Q: 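Structure incoming, see below.
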Amino acid sequence: MIREYADFLHIDPSLLTRSIHEGFSGGERKKIEVLQALVLKPRFAIFDEIDTGLDVDALKIVASGIEKLRKQGTGCIIITHYQRLLTYLHPDTVTVIKKGTVAKTGDAKLAKIIEGKGYGDE
């Protein structure tokens with residue numbers, strides 16, 4: 001099962017023999033985080049800035065892993081500062097948190113509005 005998911009996420013099989021995150025690049029670490037979630041099948045998973053430092057190809061792969069996780073029934077909370085991840089994910093809800101409080105909630109369109117106009121006029 002691990003090898004199947006690793007193949008799906010384009011993870012080099014040699015990484016599976018290393019200690020967790022030992023000598024991994026940033027993109028490899030993000031893929032391994034998604035691999036762990038796919039294998040463990042938690043009820044909920046929180047990914048904090050899973051898109052930071054990823055190139056476009058790695059971003060697509062990580063997003064496809066998160067979508068697979070969601071289809072398996074895991075609830076996912078994705079924390080990000082950028083809309084680009086939402087090009088590949090299909091969130092049910094987007095919530096903007098400012099100064100520790102919920103400032104706005106909406107669908108994926110909200111993230112696109114903020115990306116274009118900023119937080120001032122959301």
Side-chain angles (χ1 to χ4, degrees):
M1 175 179 56
I2 292 172
R3 291 186 197 284
E4 181 181 319
Y5 285 136
D7 187 50
F8 175 78
L9 295 169
H10 302 263
I11 294 173
D12 183 327
S14 69
L15 297 180
L16 302 177
T17 62
R18 294 187 196 171
S19 296
I20 192 73
H21 300 310
E22 180 183 303
F24 290 15
S25 70
E28 290 167 339
R29 286 183 181 156
K30 307 295 179 142
K31 290 179 185 180
I32 291 292
E33 287 178 32
V34 175
L35 174 65
Q36 289 171 326
L38 285 166
V39 170
L40 295 172
K41 299 180 185 190
R43 281 207 237 154
F44 293 96
I46 299 173
F47 295 102
D48 188 7
E49 298 189 36
I50 194 78
D51 52 342
T52 301
L54 295 180
D55 63 33
V56 174
D57 293 332
L59 184 68
K60 289 178 186 177
I61 292 166
V62 165
S64 68
I66 292 171
E67 284 294 318
K68 184 180 215 47
L69 191 62
R70 289 179 63 206
K71 287 177 185 171
Q72 291 177 349
T74 296
C76 295
I77 296 174
I78 313 297
I79 301 165
T80 183
H81 291 95
Y82 306 103
Q83 189 273 333
R84 71 183 192 131
L85 180 62
L86 302 183
T87 303
Y88 308 106
L89 289 179
H90 306 96
D92 300 316
T93 304
V94 171
T95 302
V96 176
I97 299 174
K98 287 174 70 174
K99 298 181 181 179
T101 61
V102 173
K104 189 131 185 153
T105 299
D107 60 16
K109 293 175 191 172
L110 175 60
K112 289 182 182 181
I113 291 168
I114 291 169
E115 186 74 13
K117 294 182 177 182
Y119 291 106
D121 297 322
E122 84 269 352

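The first residue in the sequence is number 1, and the count goes up from there. What you are looking at is a predicted structure, and each value in this text was computed from that prediction instead of being measured.
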Q: Do V94 and L86 pass the side-chain contact (heavy atoms from CB on, under 4.5 Å) test, and can you show the C-alpha distance, the side-chain angles, and the key distance before you say yes or no?
A: CA-CA 10 Å; V94 171; L86 302 183; 4.2 Å; yes
Q: Is I79 reachable from L110 through a run of hydrophobic residues whose side-chain heavy atoms are each under 4.5 Å from the next?
A: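 No, it is not one cluster - the side chains of L110 and I79 are not joined through contacts under 4.5 Å.
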Q: I'd like to know whether NZ of K41 has more than 12 heavy-atom contacts from other residues, nucleotides or ligands below 6.0 angstrom.
A: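 Counting neighbours around NZ of K41, more than 12 heavy atoms of other residues, nucleotides or ligands fall under 6.0 Å, so yes.
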Q: Which heavy atom in F8 sits nearest to a heavy atom in K68, and how many Å separate them?
A: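 Smallest heavy-atom distance, with atoms named: CE2-CD, 3.7 Å.
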Q: Please report the shortest heavy-atom distance between A37 and P42, naming the atom on each side.
A: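 Distance-wise, the nearest heavy atoms are O-CD, 3.2 Å.
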Q: Contact between I50 and T80 at the side-chain level, heavy atoms closer than 4.5 Å - yes or no?
A: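 Side-chain contact under 4.5 Å: no.
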Q: Kindly work out whether a path of hydrophobic side-chain contacts (I/L/V/M/F/W/Y, heavy atoms less than 4.5 Å apart) joins F44 to L35.
A: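 Each belongs to a different hydrophobic cluster.
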Q: Side-chain contact test, heavy atoms from C-beta onward, threshold under 4.5 Å: evaluate it for K31 versus I61 and give yes or no.
A: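 They are in contact (side-chain heavy atoms under 4.5 Å apart), so the answer is yes.
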Q: Looking only at heavy atoms, what is the nearest atom pair of A63 and L85, with distance?
A: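 Closest approach of A63 to L85: CB-CD1, 4.2 Å.
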Q: Return each pair, listed once, that meets salt bridge (charged side-chain N to carboxylate O under 4.0 Å, His left out) where at least one residue sits in residues 1-12; pairs must be two or more places apart or across chains.
A: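 Counting only pairs at least two positions apart or across chains, no salt bridge (charged side-chain N to carboxylate O under 4.0 Å, His left out) contact touches residues 1-12.
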Q: Would you please name every residue forming a salt bridge (Lys or Arg N to Asp or Glu O under 4.0 Å) with E67, sequence neighbours left out?
A: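 In terms of salt bridge (Lys or Arg N to Asp or Glu O under 4.0 Å), with neighbours along the sequence ignored, E67 is linked to R70.
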Q: Are L16 and V39 linked, directly or through intermediate hydrophobic residues, by side-chain heavy-atom contacts shorter than 4.5 Å (ILVMFWY only)?
A: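 Same hydrophobic cluster.
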Q: Side-chain heavy atoms under 4.5 angstrom apart, residues restricted to Ile, Leu, Val, Met, Phe, Trp, Tyr: same cluster for L15 and I2?
A: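 Yes.
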Q: Hey, does L38 have a side-chain heavy atom less than 4.5 Å from the side chain of Q72?
A: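 SC-SC contact between Q72 and L38 confirmed.
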Q: Are any side-chain N or O atoms of K30 and backbone N or O atoms of E49, one a donor and one an acceptor, separated by less than 3.5 Å?
A: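 The answer is yes, because a donor-acceptor pair under 3.5 Å joins these two groups.
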Q: Could you state the interatomic distance from CD1 (I11) to CZ (F24), rounded to the nearest 0.5 Å?
A: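 Going from CD1 on I11 over to CZ on F24, the span is 8.0 Å.
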Q: Tell me whether L69 shares a hydrophobic cluster with L40, the cluster being built from Ile, Leu, Val, Met, Phe, Trp, Tyr side chains joined at under 4.5 Å.
A: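 Different hydrophobic clusters.
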Q: In Å and rounded to the nearest 0.5 Å, what is the CG to CG distance from D92 to L89?
A: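 Rounded to the nearest 0.5 Å, the CG-CG separation comes out at 11.0 Å.
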Q: Hey, could you give me the CD/OG1 distance between E22 and T17, rounded to the nearest 0.5 Å?
A: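 The OG1 atom of T17 is 9.0 Å from CD of E22, to the nearest 0.5 Å.
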Q: Could you state the interatomic distance from NZ (K60) to CG (L54), rounded to the nearest 0.5 Å?
A: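 Reported value, rounded in 0.5 Å steps: 13.0 Å.
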Q: Nearest heavy-atom pair of C76 and F47: which atoms, and what distance?
A: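 Scanning both residues, the minimum pair turns out to be SG-CE1, 4.3 Å.
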Q: Per the salt bridge (charged side-chain N to carboxylate O under 4.0 Å, His left out) rule, what does the pair list look like for residues 79-91, sequence neighbours excluded?
A: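 Passing the test, one end in residues 79-91: no pairs.
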Q: Could you tell me whether the side chain of I66 reaches within less than 4.5 Å of the side chain of Y88, counting heavy atoms only?
A: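 No, every pair of side-chain atoms sits at 4.5 Å or beyond.
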Q: Measure across G23 and E28 and return the closest heavy-atom pair with its distance rounded to 0.1 Å.
A: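 Smallest heavy-atom distance, with atoms named: O-OE1, 4.2 Å.
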